[in-house]
Amino acid sequence: MSRRILVVVGHPDPSPDRLCRGLAKAYADGAERAGHVVRQIDLAGLDFPMLRTMQEFEHGAIPDSLKDAAEAIVWAEHIVFVFPLWLGTMPALLKAFLEQVMRPGTAFAYPDNGGFPKTLLRGRSARMVVTMGMPSIFYRLWFRSHGIAGMRRSILRFAGISPVRETLFGMVAGASDATRAKWLGQIRKLGERAR
């Protein structure tokens, strides 16, 4: 069954040589080959302001440069985020993007009578594909994946997106061409299965 998939490249460096861009392309290629409909957003090519107040977050308009991105998040049935681990979590550009597009009215709604917010993105799934310099098992066991766990719990699941799966690639700087090719093949297969 065909799914609507959004692939978000969260690497701030626009260089086409970045592994994150290769992984995002491999996922999209696999998904399209399997008959899924794919849209892509590359954050390095977008210009948008950072949010600075709660008032702006709750009542401000999504910047014009991100309106298509917010619409694509609502459109998607499955969202794939591809990004490098920086200081144990997502790069600031990806966090700023999520703060802009995962707002009230798009990702969740405050109830009129108080209480817990209503999730607006229920029925969608997500995958985080994360590259890092350390061994991924070390990040999982020693650091307990704290940076991406926060994204999974406090942003994606908060908005109703579930399940949220993750694929971690460690020691990327020294990875051989054969290892990188294996990773690209693995991600291409996930794209084919829309997982």
Side-chain angles (χ1 to χ4, degrees), residues 3-14 18 20-21 23-24 27 38-132 139 143-168:
R3 296 186 77 192
R4 298 186 306 271
I5 299 173
L6 174 63
V7 178
V8 178
V9 183
H11 201 306
D13 184 348
R18 292 289 170 211
C20 285
R21 284 204 172 64
L23 293 168
Y27 189 99
V38 179
R39 291 186 189 177
Q40 294 187 63
I41 297 171
D42 191 334
L43 300 189
L46 297 177
D47 184 25
F48 57 89
M50 290 182 61
L51 287 173
R52 301 201 180 263
T53 67
M54 181 178 275
Q55 173 73 16
E56 190 179 0
F57 173 73
E58 292 181 340
H59 304 290
I62 292 175
D64 288 343
S65 59
L66 294 180
K67 286 185 177 170
D68 288 344
E71 185 276 326
I73 286 172
V74 172
W75 166 86
E77 296 171 303
H78 182 63
I79 307 169
V80 180
F81 297 93
V82 185
F83 59 93
L85 192 73
W86 284 7
L87 295 176
T89 190
M90 70 187 92
L93 183 66
L94 177 55
K95 178 71 162 55
F97 169 79
L98 290 170
E99 288 174 356
Q100 286 283 13
V101 298
M102 301 295 268
R103 290 195 196 198
T106 301
F108 64 95
Y110 292 117
D112 293 333
N113 58 353
F116 290 108
K118 177 184 176 189
T119 61
L120 298 180
L121 298 178
R122 191 172 300 279
R124 290 159 182 81
S125 58
R127 175 169 298 275
M128 294 182 283
V129 178
V130 185
T131 63
M132 61 191 70
Y139 183 67
F143 292 105
R144 304 224 184 261
S145 302
H146 71 283
I148 59 175
M151 179 177 172
R152 182 180 59 247
R153 284 191 306 262
S154 302
I155 299 173
L156 302 177
R157 286 192 181 156
F158 179 79
I161 299 172
S162 182
V164 178
R165 296 178 177 92
E166 57 197 49
T167 302
L168 308 181

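Residues Y110 and E58 have side chains in contact (heavy-atom distance under 4.5 Å, counting atoms from C-beta outward). Two residues are said to be in side-chain contact when any heavy atoms from C-beta on lie closer than 4.5 Å; H78 and L6 fail this criterion. Side-chain contact between T106 and L120: absent, with no pair of heavy atoms (C-beta onward) separated by less than 4.5 Å. You'll find the side chain of V164 stays beyond 4.5 Å of the side chain of M151, heavy atoms only. For the pair T167/M128, no side-chain contact is recorded, criterion being any heavy-atom separation below 4.5 Å from C-beta on. The shortest distance between side-chain heavy atoms of F158 and M102 does not fall below 4.5 Å. Residues L66 and L46 meet the side-chain proximity criterion, which asks for heavy atoms closer than 4.5 Å. Using a 4.5 Å cut-off on side-chain heavy atoms (C-beta onward), I79 and V7 make no contact.
Nearest heavy atom pair, residue V9 against residue A24, reads CG2-CB, 3.5 Å. Between F116 and P111, the shortest heavy-atom contact is O-CG, 3.3 Å. The minimum heavy-atom distance linking A76 with R124 is given by the pair O-NE, 3.0 Å. Of all heavy-atom pairs spanning A44 and P12, the tightest one is CB-O, 3.4 Å. Nearest approach of E71 to R39, heavy atoms of both residues: OE1-NH1, 2.7 Å. Residues C20 and F83 approach most closely at SG-C, 3.6 Å, considering heavy atoms.
One finds no salt bridge joining E99 and R52 here, because no Lys/Arg side-chain nitrogen approaches an Asp/Glu carboxylate oxygen to under 4.0 Å. Between R152 and E166 there is a salt bridge, since a side-chain N of the basic residue sits under 4.0 Å from a carboxylate O of the acidic one.
For the atom pair L121 CG and S162 OG, the distance stands at 12.0 Å (nearest 0.5 Å). To the nearest 0.5 Å, the span separating CD1 on I148 from CG on L85 amounts to 7.5 Å.
The closest donor-acceptor contact from the side chain of T119 to the backbone of R122 lies at 3.5 Å or more, if one exists at all. Judged by distance alone, the side chain of Q100 and the main-chain N or O of P49 form a donor-acceptor pair under 3.5 Å. Under the 3.5 Å distance criterion, the side-chain polar atoms of S65 are matched with a main-chain donor or acceptor of D47. Panel note: side chain R127, backbone R165; no donor-acceptor pair is recorded below 3.5 Å. Remark: side-chain polar atoms of R103 are paired, donor with acceptor, to backbone N or O of G60 under 3.5 angstrom.
Taking the six-membered ring where the residue is Trp, H146 and Y139 present tilted rings, their angle falling between 30° and 60°.
The 12-atom threshold is not exceeded at CG of D68, counting heavy atoms of other residues, nucleotides or ligands nearer than 6.0 Å. Applying the 6.0 Å contact sphere to CZ of R153 captures no more than 12 heavy atoms from other residues, nucleotides or ligands.
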Is there a side chain to side chain contact (heavy atoms under 4.5 Å, CB included) between L43 and V8? Walk through the geometry before answering.
CA-CA 7 Å; L43 300 189; V8 178; 4.2 Å; yes
Could you go through S125 and R3, starting from their C-alpha distance and side-chain angles, then the distance that decides it, and tell me whether this counts as side-chain hydrogen bond (donor to acceptor under 3.5 Å, both in side chains)?
CA-CA 11 Å; S125 58; R3 296 186 77 192; 3.2 Å; yes
With side chain to side chain contact (heavy atoms under 4.5 Å, CB included) as the test, would you mind laying out the steps for L98 and F81 before giving the verdict?
CA-CA 11 Å; L98 290 170; F81 297 93; 3.9 Å; yes
Steps toward side chain to side chain contact (heavy atoms under 4.5 Å, CB included) verdict (F48, L93):
CA-CA 10 Å; F48 57 89; L93 183 66; 3.7 Å; yes
